[in-house]
A.B. asks: 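Please read through the structure below; I'll follow up with questions.
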Amino acid sequence: MAYDGAASLPESRSSADPREQYAERAAIGLLGSLIVRDFPDGTRAVVRIVETEAYDQLDPASHTYRGRTERNRAMFGPANHAYVYSIYGMHHCINVTAGPDGFGCGALIRAAQPIEGRDVLAHHRYPASDGTLTAAQRRNLTNGPAKLCQALGIGMDLYGHDMSQPPLRIVPCGLEAGESVARTPRIGIRKAADRLRRYIIMGNPCVTPSPLNAGARDIEN
DNA sequence: GCCACGATGTGCT
DNA sequence: GCACATCGTGGCT
């Protein structure tokens with residue numbers, strides 16, 4: 001069943017720590033922005049961010065909740081840098097750090113829309129060019145955090161990378177006319193699962209397929 | 001289209 | 001040990 005996202009927003013409680021806004025504002029602000037990836041072989045791909053999640057050290061679901069470690073140190077560094085981690089042994093995911101130096105927070109980039117270089121993305125995801133992909137493969141090019149990382153060739157070599165610089169950079173862009181942001185619970189977590197810290201461009205076909213999408217509600221502001 | 005399940009590394013209890 | 005901010009495949013409707 002669809003949950004009513006607007007009925008009870010945990011973030012609207014007056015006791016919320018104002019520092020929670022660092023990750024949330026970053027996650028919302030990244031929607032619509034472009035990721036430009038220049039590959040070592042000279043090829044390029046451009047995708048548009050359509051789905052993000054907010055995480056910070058006050059949040060039990062976050063890697064930074066238990067404090068700074070060697071693994072998560074990038075999250076405690078300056079904003080707009082890459083925190084890359086490996087998960088389930090075979091995948092990578094990328095966060096863009098946010099907030100002031102010393103506060104562990106950032107936004108997980110969950111999904112993006114291919115803008116340029118579809119063929120390049122396809123080659124990194126499958127041993128095939130875009131034209132030979134099945135319909136399912138085309139849908140699944142960049143619609144999940146690990147799929148996105150595979151398509152963009154993001155691995156631990158980009159850990160701590162400054163996201164304003166090549167070969168992986170974010171070009172800030174706003175939403176297009178008529179687009180709006182919705183929020184839902186985050187996907188695939190158990191702790192703090194009720195918090196509405198996942199943000200999507202409403203109605204965009206490239207977000208992670210999830211029953212949560214049907215109940216997504218427009219955010220106010 | 002949907003669901004179940006297996007593959008696998010790493011940090012932390 | 002075990003829990004993971006996951007995904008691909010195969011088998012089925």
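By convention in this document, chain letters (A, B, ...) are assigned in the order of the sequence lines, proteins followed by strands, and residues within each chain are numbered from 1.
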A.B. asks: In terms of side-chain heavy atoms of A/Leu108, which of C/dC7, C/dA5, B/dC12 is nearest?
C.D. replies: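 Closest of the options to the side chain of A/Leu108: C/dA5.
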A.B. asks: Identify whether the distance between the nearest side-chain nitrogen and carboxylate oxygen of A/Glu116 and A/Arg37 falls below 4.0 Å.
C.D. replies: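 So A/Glu116 does not pair with A/Arg37 through a salt bridge.
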A.B. asks: Please determine if A/Asp59 and A/Lys191 form a salt bridge, counting it only when a charged side-chain N lies under 4.0 Å from a carboxylate O.
C.D. replies: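 Salt bridge between A/Asp59 and A/Lys191, a charged N being under 4.0 Å from a carboxylate O: no.
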A.B. asks: Using whole Å, report how far CZ of A/Arg66 lies from C1' of C/dC2.
C.D. replies: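 My rounded result for the distance is 13 Å.
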A.B. asks: Starting at CG of A/Asn95 and ending at P of C/dT6, how long is that distance when rounded to a whole Å?
C.D. replies: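 Rounded to the whole Å, the gap is 11 Å.
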A.B. asks: Can you tell me the distance, in whole Å, between the OH atom of A/Tyr159 and the P atom of B/dT10?
C.D. replies: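 It works out to 14 Å between those atoms.
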A.B. asks: What's the CG-P distance between A/Leu141 and C/dC7, to the nearest Å?
C.D. replies: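 The distance from CG of A/Leu141 to P of C/dC7 comes to 13 Å, rounded to the nearest Å.
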A.B. asks: Indicate whether any N or O donor in one side chain lies under 3.5 Å from an N or O acceptor in the other, for A/Ser210 and A/Thr208.
C.D. replies: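 Not at all, the side chains of A/Ser210 and A/Thr208 share no donor-acceptor pair under 3.5 Å.
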A.B. asks: What does A/Ile87 touch in the nucleic acid at a heavy-atom separation under 4.0 angstrom: a base, only the sugar-phosphate, or nothing?
C.D. replies: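 Sugar-phosphate contact only - A/Ile87 comes under 4.0 Å of backbone atoms but never of a base.
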A.B. asks: Does any nucleotide pair with B/dC2 by Watson-Crick or G-U wobble geometry, both distances under 3.5 Å, and what is it?
C.D. replies: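 Paired with B/dC2, as far as the under-3.5 Å criterion goes, is C/dG11.
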A.B. asks: Nearest to the A/Arg190 side chain among C/dT6, C/dC4, C/dA5, which nucleotide is it?
C.D. replies: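 Of C/dT6, C/dC4, C/dA5, C/dC4 is nearest to the side chain of A/Arg190.
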A.B. asks: If I take atom CG in residue A/Asn140 and atom C1' in nucleotide C/dG8, what distance separates them, rounded to the nearest angstrom?
C.D. replies: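 Distance, rounded to whole Å: 9 Å.
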A.B. asks: Are the charged groups of A/Glu53 and A/Arg197 less than 4.0 angstrom apart, N to O?
C.D. replies: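 Between A/Arg197 and A/Glu53 there is no salt bridge, as every charged N stays at least 4.0 Å from the carboxylate O atoms.
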A.B. asks: Report yes if the ring of A/Tyr88 lies under 5.5 Å from the six-membered base ring of B/dA7 with planes under 30°, and no otherwise.
C.D. replies: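 The ring of A/Tyr88 is not stacked on B/dA7.
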A.B. asks: Among C/dA5, C/dG8, C/dT6, which nucleotide sits nearest the side chain of A/Ala146?
C.D. replies: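 Of all the options, the side chain of A/Ala146 is nearest to C/dT6.
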A.B. asks: Given atom OH of A/Tyr126 and atom P of C/dG8, what is their separation to the nearest angstrom?
C.D. replies: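 About 5 Å, once rounded to whole Å.
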A.B. asks: Tell me yes or no: between the side chains of A/Gln21 and A/Arg25, is some donor less than 3.5 Å from an acceptor?
C.D. replies: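 A donor-acceptor contact under 3.5 Å links the two side chains.
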A.B. asks: Indicate whether OP1 or OP2 belonging to C/dG8 is found under 4.0 Å from a side-chain N or O atom of A/Arg125.
C.D. replies: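 Answer is yes, contact under 4.0 Å.
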A.B. asks: So A/Ala61, base contact, sugar-phosphate only, or nothing? Heavy-atom distance under 4.0 Å.
C.D. replies: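 Answer is base: heavy atoms of A/Ala61 come under 4.0 Å of a base.
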A.B. asks: Report yes or no: is the cationic atom of A/Arg186 (NZ for Lys, CZ for Arg) under 6.0 Å from the centre of the six-membered ring of A/Tyr55, at an angle within 45° of the ring normal?
C.D. replies: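 Output yes; distance and angle both within limits.
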A.B. asks: Taking any strand in view, what nucleotide pairs with B/dA7 in a Watson-Crick or G-U wobble way, both distances under 3.5 Å?
C.D. replies: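 Check on B/dA7: paired to C/dT6, both distances under 3.5 Å.
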A.B. asks: Strictly below 4.0 Å: does A/Ser62 bring a side-chain N or O up to OP1 or OP2 of C/dA5?
C.D. replies: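 The answer is no; no side-chain N or O of A/Ser62 sits under 4.0 Å from OP1 or OP2.
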A.B. asks: Would you mind classifying the nucleic acid contact of A/Arg71 as base, sugar-phosphate or nothing, using non-hydrogen atoms under 4.0 angstrom?
C.D. replies: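 A/Arg71: backbone/sugar contact only, no base atoms under 4.0 Å.
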A.B. asks: Could you work out which one of C/dT6, B/dC12, C/dA5 sits closest to the side chain of A/Tyr55?
C.D. replies: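 Minimum distance to the A/Tyr55 side chain belongs to C/dA5.
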A.B. asks: Without decimals, in angstroms, what is the distance between A/His63 NE2 and B/dG9 C1'?
C.D. replies: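 Answer to the nearest Å: 13 Å.
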A.B. asks: Compare side-chain N and O positions of A/Arg139 against OP1 and OP2 of B/dG1 and report whether any pair is under 4.0 Å apart.
C.D. replies: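 Result: yes.
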A.B. asks: Picking from C/dA5, C/dT6, B/dC12, which would you name as closest to the side chain of A/Tyr83?
C.D. replies: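 Of the candidates, C/dA5 comes closest.
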A.B. asks: With a 4.0 Å cutoff (strictly under), does any side-chain N or O of A/Arg110 reach OP1 or OP2 of C/dT6?
C.D. replies: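 For C/dT6, OP1/OP2 do have a side-chain N/O of A/Arg110 under 4.0 Å.
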A.B. asks: Take the protein atom NZ of A/Lys191 and the nucleotide atom P of B/dT13, then report the distance between them rounded to whole Å.
C.D. replies: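 Answer to the nearest Å: 9 Å.
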A.B. asks: Return whichever of A/Ile187 or A/Gln137 has its heavy-atom-nearest nucleotide of DNA chain C closer to the 5' end.
C.D. replies: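 Per heavy-atom nearest nucleotide, the more 5' residue is A/Ile187.
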